[in-house]
Structures are given as C-alpha cells and as structure tokens.
J.: 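Can you read through this structure? Questions will come right after.
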Amino acid sequence: MYETITHIDQLIKRVESYNPDADVALVRRAYAFSAKAHEGQTRQSGEPYLQHPLAVAGVLTALRSDVTAIVAGLLHDTVEDTLATSEELEHEFGNDIARLVDGVTKIGKIPFRNYEEKQAENFRKMVLSMADDIRVVLIKLADRLHNMRTLEHLHEAKQQQIAQETIEIYAPLANRLGIGWMKNELEDLCLKSLKPDVYANLTLRVVKRDEERQQYVQEVIQVVKRALADAGLTGEVHGRPKHLYGIYQKMERQSISFEEVYDLAAIRIITNAKMNCYAILGLIHSLWRPVPGRFKDYIAIPKSNLYQSLHTTVVGPKGEHVEFQIRTEEMHRVAEYGIAAHWKYKERGQIGDKDGKIFSWLREFIEWHQDLPDNRQFMDSVKLDLFHDVVYVFTPKGMVKEMPLGSTPVDFAYAIHTEVGDRCVGAKVNGKIVSLKHQLASGDTVEILTSSTQVPHKDWLKFVRTPRAKTKIKHWLKIEEQKRSLEIGRRLLEREFRRQGLPPAQMLKSDRLLEVARDSGFETTDEMVAAVGFGRLASSEVINRLTPSRPSGGGGTVTPESHILKHQPGKPDEKGVKVKGGQDLLMQLSRCCNPVPGDRILGYITRGRGLTIHSVGCPNLEALDYDRDRLVEVEWDTTAPSTHAVKVSVLAVDKTGVLANVSSSIAECDANVSRAEITTREDRKAALDFVIEVIDTAHLDRVLKAIERVDGVITARRIRAWQER
C-alpha cells in the first residue's frame with residue numbers, strides 16, 4: 001500500500017507531510033551515521049545495506065511515527081551488525097533513541113538450542129517490550145515488512161521459515177495492533193512465498209476480473225454519490241483495495257470458487273460524523289435490499305484493536321451482492337494506523353492509564369503471557385490469542401466483554417475475576433441455565449453461578465478457550481498437585497520409617513532429614529518429601545541416605561516402589577532407556593502404548609509411580625498435555641539391546657495349518673512367541689493374536705512381513721492397548 005522509501009529526501013518529505021515541525025536535521029544526522037556504520041555492507045540482493053534501515057524508517061513514516069522512532073529505525077541494525085556501540089548511540093542521539101535501538105537489538109540476539117525456542121523467546125521479549133515502549137514493536141514490524149518485501153533474495157528454505165513465522169505471528173500482531181494495511185500486505189507477501197502458484201494464479205485472475213468489474217463498481221459509486229448529495233450527507237466513496245490472502249482464505253474456509261468470492265463488489269464510504277454513518281447506512285438500505293445476517297456494527301461495539309466501522313452487504317444493481325464499509329475520517333485513521341493513531345509519545349512510549357484502558361487487550365496480553373515458562377505453551381497461547389475471531393457478550397449490568405469465538409461460561413467467569421472462575425458451578429445465558437461447555441454467541445447476557453465449595457477441574461481444560469482461563473486453571477491444579485504430592489510423600493516416608501523401626505514424627509522434623517534434603521539438591525525438607533510423593537524420588541532412597549548403616553531391604557520386605565525400575569543419572573535402565581540431562585528418576589514402560597526401541601518416546605512423571613515411558617502420539621500421553629512441566633526427554637539406549645513384548649494381530653483364512661505356519665515364520669525371524677490365541681469367525685476367517693518378543697521396530701517389521709507372506713494370511717499388524725478389540 002505504501003511504496004518503499006529509497007532516498008533520504010523522500011523520507012524527509014514524508015515526515016514533513018504530517019509533522020511540519022519535525023527535527024529533520026536529527027533525521028539527516030542519523031542517516032549519515034547509519035551510512036557510515038554500514039559502509040561496504042550489502043544485502044543478499046547485492047544492494048547497499050543502507051537501503052534496509054532507510055526502508056524501515058519509511059515504513060514508520062507510513063505509521064506517522066514520531067522522529068525518535070524514525071531515527072531509531074534508521075539506526076536499528078547499527079549495534080548488531082556494525083562496530084557502533086550503544087554508548088556511542090546514546091552520546092550521539094540521546095538516551096531514548098539508544099534505548100529503542102537496544103530494545104530492537106535484544107529481541108534477536110541470544111543464541112538458542114533450536115528454532116522453536118528462538119521463536120518463542122524472541123517473541124516473548126517483544127511482548128514484554130510492549131509494556132516498556134510500544135515503538136520497539138512498531139520498529140520490529142517495520143523491519144519484518146521490508147524483509148518480507150525483499151524475501152525472494154534468500155534461499156527457498158529460509159524464505160519458507162520466515163514467511164511461516166510471519167503468517168503465524170507478525171501479521172496477526174499487526175492486526176491486533178490495528179494496522180490493517182500492514183497486516184494485509186504481510187499476508188499477501190506470505191502467500192507469495194508459501195504458495196507461489198496460488199498467489200500467481202490469484203493475481204492474474206484479480207487483474208482480469210478487475211477489468212471486467214470496474215465499470216459495475218463505478219456505476220454503484222455514482223448511484224451512492226448522487227443519493228448522498230440528494231440527502232445532504234457528506235461522504236467520500238471509494239472502491240476497496242483487494243486483499244489476495246483474504247480471497248484465498250474465504251475460498252478455503254467456505255469451499256467456494258474464485259468467481260463466487262469475487263462477485264462481491266467492495267465499497268468504502270468515509271464521512272465526517274458518527275451520526276452520519278448511521279444515516280448513510282439507512283440510505284444504502286433504502287437503495288438496495290440488505291442481505292440478512294450480513295450487518296455488523298463495529299461502531300457501537302469496537303473490535304479489541306479499536307477498529308470501528310459499519311459493515312453491510314446489499315443486493316445491488318443487477319442482483320449482485322455489494323459490501324459496504326461506512327466510517328468517519330477518525331475511524332479510518334485508526335483503521336489505517338492502529339495503535340499508532342492513538343499513541344502520544346510523551347512518556348517514553350509507555351502505556352498510561354487512559355491509553356491502557358483503551359488498549360485493554362494489549363495490557364492483558366502482556367500480563368498473561370510474560371509468566372508462562374514453557375516455550376511451546378507460550379507460543380500456543382500467543383497464537384490462540386492473536387488469531388481468535390471474537391464474540392461480544394454482556395454482563396448482567398450491561399458491560400461488554402470481548403471473548404474468542406468458542407468461549408464458554410468458564411472463560412467468561414475467569415475474564416471477570418480469578419475467584420469467580422475458580423468457584424464457577426454453572427451459568428445462565430439469557431436467563432436460561434446452560435452447561436459449562438456451552439459456547440457463547442454475540443449478544444448473549446451471561447450470569448455466572450458460584451459456590452464456595454467449588455474448585456477448578458482438570459476437565460475444564462478440554463473446553464476452555466481463553467489463555468487466561470487455561471493459565472489460571474493450570475496454576476490451581478499445579479498448586480493442588482504439589483499439596484497432594486507433599487501429603488503422599490509424607491505417608492510413603494512414614495510407612496518406610498515404621499518398617500525400619502524409626503519414629504515417623506521425629507524423623508520428619510529432624511535436622512538430619514533437612515541435611516539429606518539439601519545433599520539431594522532440595523532447599524527444604526518439604527521439597528524433598530513432595531518429590532517422593534510426585535515420583536521423582538524413592539522413599540527407600542531417602543531412608544538409605546538418612547540411615548546408611550541400616551539394610552534397605554528390611555529382611556526382604558517388598559517396598560511400595562520395588563516394582564518400579566531404579567534409574568541412575570545418564571545411564572540406561574534395564575529397559576534400555578536413557579533420560580536426557582541425567583535426571584535421577586524411577587522408570588517404567590507404559591502399558592497403554594507398549595513402546596519398542598525405534599518408536600519415538602517421551603517420559604511423563606506420574607505421581608507416586610515415577611517416570612512412565614510413552615510412544616509419541618499415544619492418546620494417553622496427549623491427554624496429559626496440559627502439564628508440560630512433567631514431560632521428560634528420553635531416548636533408547638542402543639548399546640544394550642533387550643527384548644520387548646509386542647501384541648500382533650493376524651487376520652487369516654480359517655484353514656488347517658495356518659497357525660503352525662505363522663508360528664514357524666515368527667520363529668524363523670528369531671522372535672519368540674510368549675502367547676497365542678485363535679478365534680474363528682462366521683465369515684470363515686480366523687483372528688490370530690500373538691504376544692511376540694522383539695528387539696526393536698525393525699525386527700518387528702521383519703516379523704510382520706514374514707507373517708504376511710504365509711499362504712492364507714490377509715493382514716498382520718501391531719496392536720496397542722487402545723486399539724484392542
């Protein structure tokens with residue numbers, strides 16, 4: 001929408017167009033400093049590197065940014081990519097500009113183990129920088145926009161990576177900050193990189209279709225202009241620019257053809273007063289019949305990014321649908337520049353009380369995302385918050401709450417207050433009792449019913465939609481888990497103390513137990529006791545460290561943990577599994593998925609049972625996904641091969657000798673059959689179920705292929721516990 005700035009004089013002219021009193025001398029001085037710092041550097045395209053900071057500053061002028069932000073845009077890469085220092089920038093340009101450059105630099109500076117971690121941490125820093133100075137984020141968005149404009153000069157894999165990150169994070173962020181034109185351009189550029197064939201095809205079809213429809217749109221515009229003049233209403237009438245990614249999304253979402261999407265003519269009317277917006281809406285509806293369900297009043301209830309407009313679709317001339325957006329000049333300015341249209345850079349870009357109330361989403365976004373410790377959980381939460389479609393619901397007192405599409409009464413309760421959410425037992429929607437899973441719709445009035453005895457439930461995590469509700473529920477569950485672990489740990493230790501003939505109450509309060517806790521890496525006795533209850537530490541091991549002279553077996557008595565394998569840090573256990581990072585954990589293989597070497601595996605710490613090893617993709621493991629803190633990276637130890645029992649189901653023709661031949665083929669593959677069952681069916685088929693001992697998945701594959709070669713066998717497959725008939 002806004003052309004790229006390529007010369008300092010263009011930049012100065014753009015700045016002066018909206019800020020005649022701007023300190024252009026400072027802008028020129030920053031340009032000269034950047035030119036000297038980047039001298040000799042080139043971009044992948046071969047052009048001088050200086051063109052990039054100049055273009056970034058140009059994007060900032062399109063947002064009507066202040067001189068401080070524009071100067072920081074010119075200098076944003078000097079500390080990271082040249083010999084210039086933060087101290088030098090502060091000396092030359094002052095503290096504010098140096099701080100902005102430092103903020104942008106820090107977002108992408110720290111090395112990380114993998115791309116996912118880097119993406120999460122960089123975005124986390126950007127979220128937190130919003131609380132300090134929103135201009136840091138605007139500079140970063142401008143930087144990303146110019147990089148996307150010049151993406152074709154990078155190799156294909158890098159293009160895909162940057163475009164994917166942009167479509168997932170930066171375009172939705174621009175939308176949430178209300179910068180509509182930037183969001184649209186970023187999405188179109190992403191489509192160009194991620195789906196070049198789709199982009200090229202749509203571009204050609206839009207150009208061709210525009211030529212055909214231009215006359216129709218102009219006819220509609222002329223009718224509207226005459227009607228406005230006759231009614232004495234002021235309004236500029238324009239055709240709306242086309243958004244390729246929006247067309248693509250609509251085609252995919254609604255499974256309709258390009259022609260069906262593009263039959264909609266799009267027109268925007270900009271007037272001088274809010275009252276006139278509604279008058280013009282009435283005028284449009286008097287000219288043509290409105291399409292039911294296609295009217296939206298974003299003036300009475302603005303979007304969370306402050307977007308305001310009236311949207312309506314009518315059946316226009318020749319029976320074709322026409323979409324109208326009607327707004328004031330101020331509303332249009334906000335739609336174009338978003339947060340930058342409201343921002344008054346008076347106090348270092350910080351969010352004041354007045355603007356903080358206006359940008360309630362931004363304040364809550366910062367509050368609820370800065371404390372999530374897990375990178376993957378953080379990114380999932382961010383994407384959910386950025387992408388959501390919204391519904392507008394009311395409290396009994398008439399206050400409007402904006403909620404993500406699909407939100408439930410539990411989400412609404414947590415949006416009101418944490419305690420209301422924790423104590424929520426039910427809800428009334430429009431005066432009628434509904435279930436907690438009920439999905440709210442725009443216009444609903446919601447009353448939350450609470451009880452002092454109610455507590456959050458783990459099952460709530462299956463249907464709540466908002467990051468706030470999920471975070472609060474997980475926090476409560478984690479605290480309760482710690483309390484339960486502490487209680488279970490105490491019971492396990494008390495039982496072990498009694499077995500050893502020791503007084504439980506005295507031992508739990510003894511200084512010696514605190515020494516054992518600290519020697520084991522815990523700050524307090526309670527932390528160690530909770531670790532016992534959680535399954536990270538065996539109670540017998542605590543007793544051994546506490547009383548090393550006593551035999552731990554107690555005369556051969558079986559302890560509650562004796563069925564669990566003891567694992568030494570960094571070493572394989574008897575099942576051939578190693579814990580990454582050398583954690584000392586009790587370990588057992590999961591019975592639900594029965595993993596075998598060659599399967600991708602993860603460990604999950606189960607309270608009182610130690611570490612359970614699951615196959616990646618196991619439904620039970622995915623059901624436990626809410627608590628990522630309890631996931632542990634593990635791997636197979638290939639240096640110590642052992643056999644593993646696997647269930648195999650064979651479907652064969654019911655005839656003599658099949659069972660013997662299948663058993664023989666298994667034996668020929670050096671696999672042992674520990675159990676076999678045969679069931680005949682009415683359709684003259686036989687179901688043969690085996691438990692076979694194999695070394696790994698490659699061994700299992702050889703066995704299955706050998707079975708399938710047996711005459712009469714129809715299929716042979718591995719069976720997990722959740723797949724059993």
J.: For Ile326, does its backbone N or O pair with a side-chain atom of Ser309 as donor and acceptor, under 3.5 Å?
T.: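 Answer holds: yes.
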J.: Does His38 use its side chain to pair, donor to acceptor, with the backbone of Gln41 at less than 3.5 Å?
T.: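 Side chain of His38 to backbone of Gln41, a donor-acceptor pair under 3.5 Å: no, none is there.
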J.: Considering non-hydrogen atoms only, spot the tightest contact between Thr466 and Ser407 and give its length.
T.: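 Shortest heavy-atom contact: CG2-OG, 4.0 Å.
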J.: Could you tell me whether the side chain of Gln160 and the main chain of Ser193 form a donor-acceptor pair under 3.5 Å?
T.: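 Answer holds: yes.
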J.: Arg144 vs Thr166, test: side chain to side chain donor-acceptor pair (under 3.5 Å). Steps then yes/no.
T.: CA-CA 8 Å; Arg144 178 54 60 107; Thr166 302; 2.9 Å; yes
J.: Angle between ring planes, His311 versus Tyr307, binned at 30° and 60°: parallel, tilted or perpendicular?
T.: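 Because their plane-to-plane angle is over 60°, the rings of His311 and Tyr307 count as perpendicular.
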J.: Drop me the distance from Ser65's OG to Leu138's CG, to the nearest 0.5 angstrom.
T.: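 Reported to 0.5 Å precision, the distance equals 6.0 Å.
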J.: Ignoring hydrogens and angles, tell me if any N or O in the side chain of Arg465 forms a donor-acceptor pair with the backbone of Leu405 under 3.5 Å.
T.: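 Answer holds: yes.
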J.: Output the distance between atom OH (Tyr199) and atom SG (Cys190), rounded to the nearest 0.5 Å.
T.: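 Taking OH in Tyr199 and SG in Cys190, the distance rounds to 11.5 Å.
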J.: In Å, rounded to the nearest 0.5 Å, how long is the span from CG of Leu141 to CE of Met148?
T.: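 So the CG of Leu141 and the CE of Met148 are separated by 12.5 Å.
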J.: Counting distance only, does the side-chain N/O of Gln159 pair as donor-acceptor with the main-chain N or O of Leu154 below 3.5 Å?
T.: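 Such a contact is found between Gln159 side chain and Leu154 backbone.
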J.: Between atom CG of Leu11 and atom CD1 of Ile5, what is the distance when rounded to the nearest 0.5 Å?
T.: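 Taking CG in Leu11 and CD1 in Ile5, the distance rounds to 6.0 Å.
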J.: Between Glu187 and Lys183, does any NZ, NE, NH1 or NH2 come within less than 4.0 Å of an OD or OE carboxylate oxygen?
T.: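 Answer for the salt bridge query: yes.
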J.: Taking Asp297 for its side chain and Leu310 for its backbone only, find out whether a donor-acceptor pair lies under 3.5 Å.
T.: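 No, the answer is negative, given that no donor and acceptor are paired below the 3.5 Å cut-off.
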J.: Is a side-chain N or O of Gln10 found less than 3.5 angstrom from the main chain of His7, in a donor-acceptor match?
T.: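 Yes, the answer is positive, given that a donor and an acceptor are paired below the 3.5 Å cut-off.
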J.: Would you call Arg99 and Asp96 a salt bridge, taking side-chain N to carboxylate O under 4.0 Å as the test?
T.: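 Judged by the 4.0 Å cut-off on N to carboxylate O distance, Arg99 and Asp96 do form a salt bridge.
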J.: Closer than 4.0 angstrom, basic N to acidic O: yes or no for Lys472 and Asp411?
T.: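 Between Asp411 and Lys472 there is no salt bridge, as every charged N stays at least 4.0 Å from the carboxylate O atoms.
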J.: Inspect the contact between Lys192 and Glu152 and indicate whether a charged nitrogen and a carboxylate oxygen are less than 4.0 angstrom apart.
T.: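 No, Glu152 and Lys192 are not salt-bridged.
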J.: Does the structure place the NZ or CZ of Arg468 under 6.0 Å from the centre of the six-membered ring of Tyr414, at an angle of no more than 45° from the ring's axis?
T.: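 Judged by the rule, Arg468 and Tyr414 form no cation-pi pair.
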J.: Counting N and O atoms only, with roles assigned by atom type, does the side chain of Arg29 sit under 3.5 Å from a partner on the main chain of Glu92, one being a donor and the other an acceptor?
T.: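 Looks like yes, one N/O pair under 3.5 Å.
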J.: Find the distance between CD (Gln325) and CE (Met331) and round it off to the nearest 0.5 Å.
T.: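 CE of Met331 is found 12.5 Å from CD of Gln325.
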J.: Just checking, any donor-acceptor pair under 3.5 angstrom between side chains of Glu330 and His332?
T.: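 Their side chains do not contain a donor-acceptor pair, so the 3.5 Å distance test is not met.
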J.: Provide the closest heavy-atom pair for Leu74 versus Ala30 in the form atom of the first, atom of the second, distance.
T.: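 In terms of heavy atoms, the two residues are closest at CD1-CB, 4.0 Å.
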J.: Under 30°, 30 to 60°, or over 60°: which ring-plane class applies to Tyr248 and Tyr245, parallel, tilted or perpendicular?
T.: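 The rings of Tyr248 and Tyr245 sit tilted, inter-plane angle from 30° to 60°.
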J.: Examine the side chains of Asn19 and Arg14 and answer whether a donor and an acceptor come within less than 3.5 Å of each other.
T.: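 No.
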J.: Glu527 side chain to Glu523 main-chain N or O, any donor-acceptor pair under 3.5 Å?
T.: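 Yes, Glu527 side chain to Glu523 backbone: donor-acceptor pair under 3.5 Å.
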J.: Within the side chain of Asn147, is there an N or O that forms a donor-acceptor pair under 3.5 Å with the backbone of Asp143?
T.: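 Yes, because the side chain of Asn147 sits within donor-acceptor range (under 3.5 Å) of the backbone of Asp143.
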